[in-house]
Protein chains: 2
Amino acid sequence: MAGRRERVRQATLAEIRAVARRLLIEQGPAAVTINAVAREMGMSGPALYHYFAGHEELVGAVTADFFRELTEVMEAAREAHPPGEHGRRLLATCRAMRKWAITHRAEFGWVFASPLTGERRPGSPRELAGRDFEAVFLEEVAALWESRPFPVPAELEPSIRKQLRAYTASAGLGLPVEAVHVFLSCWIRLYGLLCMEVLNQLDFAYSDLEPVFEECLREIAPKLGLDYESP
Amino acid sequence: MAGRRERVRQATLAEIRAVARRLLIEQGPAAVTINAVAREMGMSGPALYHYFAGHEELVGAVTADFFRELTEVMEAAREAHPPGEHGRRLLATCRAMRKWAITHRAEFGWVFASPLTGERRPGSPRELAGRDFEAVFLEEVAALWESRPFPVPAELEPSIRKQLRAYTASAGLGLPVEAVHVFLSCWIRLYGLLCMEVLNQLDFAYSDLEPVFEECLREIAPKLGLDYESP
DNA sequence: ATGTTTCCTTAATGGCTCTAAGCAAACTTA
DNA sequence: TAAGTTTGCTTAGAGCCATTAAGGAAACAT
């Protein structure tokens with residue numbers, strides 16, 4: 001079924017993305033250019049336009065790769081614990097996320113500081129991979145809520161409720177708006193911390209943020225009714 | 001003293017930065033190029049090298065401008081309240097920061113997502129302006145601690161204590177390490193939230209983060225022993 | 001064996017950064 | 001005031017980039 005031609009094409013596509021990634025790691029975001037990737041592969045620049053419509057699309061594809069890899073790492077860490085142990089599964093997922101982020105700084109930084117604007121549109125590979133990534137946490141929290149609902153605030157600021165209603169519906173899980181709100185509060189703290197770390201916004205005070213991250217986990221865990229456990 | 005020549009030079013410098021900023025706002029970060037700025041001013045590209053050593057330095061100067069402007073806005077908001085009312089002063093400062101950030105999205109985003117690497121080195125205009133910005137909060141928190149110390153955790157994770165000792169000393173304020181830690185925890189939550197908002201990392205769930213920001217303030221205030229007040 | 005598709009090439013346009021060489025006006029100084 | 005220096009610009013050009021266009025050769029389908 002997959003003819004030889006198609007196989008070769010897929011191999012070339014994979015090599016392009018691999019080279020792009022290598023350039024990002026070795027020489028920074030600015031070095032990921034169509035020409036540089038082609039040169040590195042022994043091809044002429046315009047040849048790459050048979051594989052990607054342009055620079056933006058290449059960047060989007062590479063970003064999607066990063067999301068997928070990160071998602072896989074997180075899922076693997078989560079599945080190292082039995083399905084019922086939501087606390088351990090969530091903690092493992094969080095730690096796997098940070099570990100990947102700091103061992104792949106260039107890639108993780110690229111994800112939000114990428115010079116993209118258009119590639120985030122609905123339907124793009126990047127957008128789809130982003131949703132999967134997000135789902136790793138969301139699904140586990142939904143399962144946790146199913147088996148052992150965590151405490152939620154009685155009332156919600158009206159504007160927040162209104163905004164979250166749309167998101168809650170689109171997520172399609174059985175979570176009430178209030179639970180989504182608690183989850184997002186935790187998410188913002190965790191992801192925000194990582195974001196600042198990778199963008200070097202905390203260098204002025206910290207050189208190693210691992211204990212700060214753990215402290216964040218310790219504060220977040222009880223909000224989801226979970227016990228914090230040291231790594 | 002300031003000869004005519006020097007005056008003209010300063011005016012040109014100011015115009016360059018103003019044009020760079022306009023290009024950033026109107027056409028995004030990628031449009032801020034030496035050539036484009038020069039063209040916009042009716043000059044030839046290389047002329048700008050008499051004012052800035054290169055693209056990096058121009059970007060750094062513009063970034064420093066943003067920091068300075070943001071710092072001024074925050075200080076003005078703070079000074080709208082009497083010196084003794086630390087709570088109101090800090091809340092006003094925080095709100096002024098977010099207001100500036102969302103009314104100047106391009107500029108605020110530029111500050112951390114800027115393609116700079118070298119311009120962050122010690123002594124650069126950007127680095128100095130960044131310190132002043134940081135000081136707006138830090139000084140007020142120091143004054144608060146002076147007049148009404150907030151509760152701090154009895155013990156600190158050893159690695160965190162060690163790291164913060166250096167920063168606390170360099171900051172040169174009379175704050176103990178524990179208080180600096182509490183301050184930084186608050187800072188990370190606030191700045192991290194803003195960072196994610198401006199980098200569009202929360203669009204998937206929220207369209208208006210103002211109530212989320214206020215909720216963050218409500219949670220942070222008691223950590224500094226302050227009363228939260230609605231805006 | 002023929003026609004089509006696919007993959008790649010080179011050429012070319014126009015943008016970018018940055019260096020080099022040179023001209024002219026403006027200041028400085030004797 | 002005249003000579004020399006500094007300053008502010010110019011154009012030319014090298015070398016990078018993205019992207020389009022035109023064409024050749026190999027692989028595939030019929």
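Labels below follow one simple rule: chain letters A, B, ... track the order of the sequence lines, proteins then strands, and each chain is numbered from 1.
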A:Leu91 CG to A:His81 NE2 distance, which is reported to the nearest 0.5 Å: 8.5 Å
Between C:dT10 (P) and A:Met43 (CE): distance, integer Å: 12 Å
Parallel, tilted or perpendicular: rings of A:Trp187 and A:Tyr191 (30°, 60°): parallel
Length of the line joining B:Leu13:CG and D:dC9:P, which is rounded to integer Å: 10 Å
Note, B:Arg17 side chain near B:Tyr51 side chain (heavy atom, < 4.5 Å): no
B:Arg9 CZ - D:dG8 C1' separation (whole Å): 9 Å
Euclidean distance, atom CG of residue A:Leu58 to atom P of D:dT19 [Å, nearest integer]: 10 Å
By ring pair (Phe, Tyr, Trp, His ring centres under 6.0 Å) - contacts of B:Trp100 (at least two apart): B:His104
Ionic contact status for B:Arg95 with B:Glu214, cut-off 4.0 Å: yes
Degree of bending in the helix from C:dA1-D:dT30 to C:dA30-D:dT1 once both end axes are built from five pairs, to 10°: 0°
Separation of A:Arg189 CZ from B:Glu219 CD (nearest 0.5 Å): 7.0 Å
Nearest-angstrom distance from the residue atom CD of B:Gln27 to P of C:dG15: 13 Å
Annotated protein contacts, base or backbone, on nucleotides 17-30 of chain C with a non-hydrogen cut-off under 4.0 Å, one of B, S, - each: BBB------BS---
Phosphate OP1/OP2 of C:dC16: any B:Arg39 side-chain N/O under 4.0 Å: yes
A:Phe52 CZ - C:dC7 P separation (whole Å): 13 Å
Aromatic plane relationship, A:Phe204 with B:Tyr167 - under 30° parallel, 30 to 60° tilted, over 60° perpendicular: perpendicular
B:Tyr51 OH - D:dC9 C1' separation (whole Å): 8 Å
Spatial distance of atom CD (B:Glu75) from atom CG (B:Leu70) [nearest 0.5 Å]: 10.0 Å
Length of the CG-C1' vector between A:Leu23 and D:dC17, whole Å: 14 Å
B:Phe108 ring center within less than 6.0 Å of B:Phe66 ring center: no
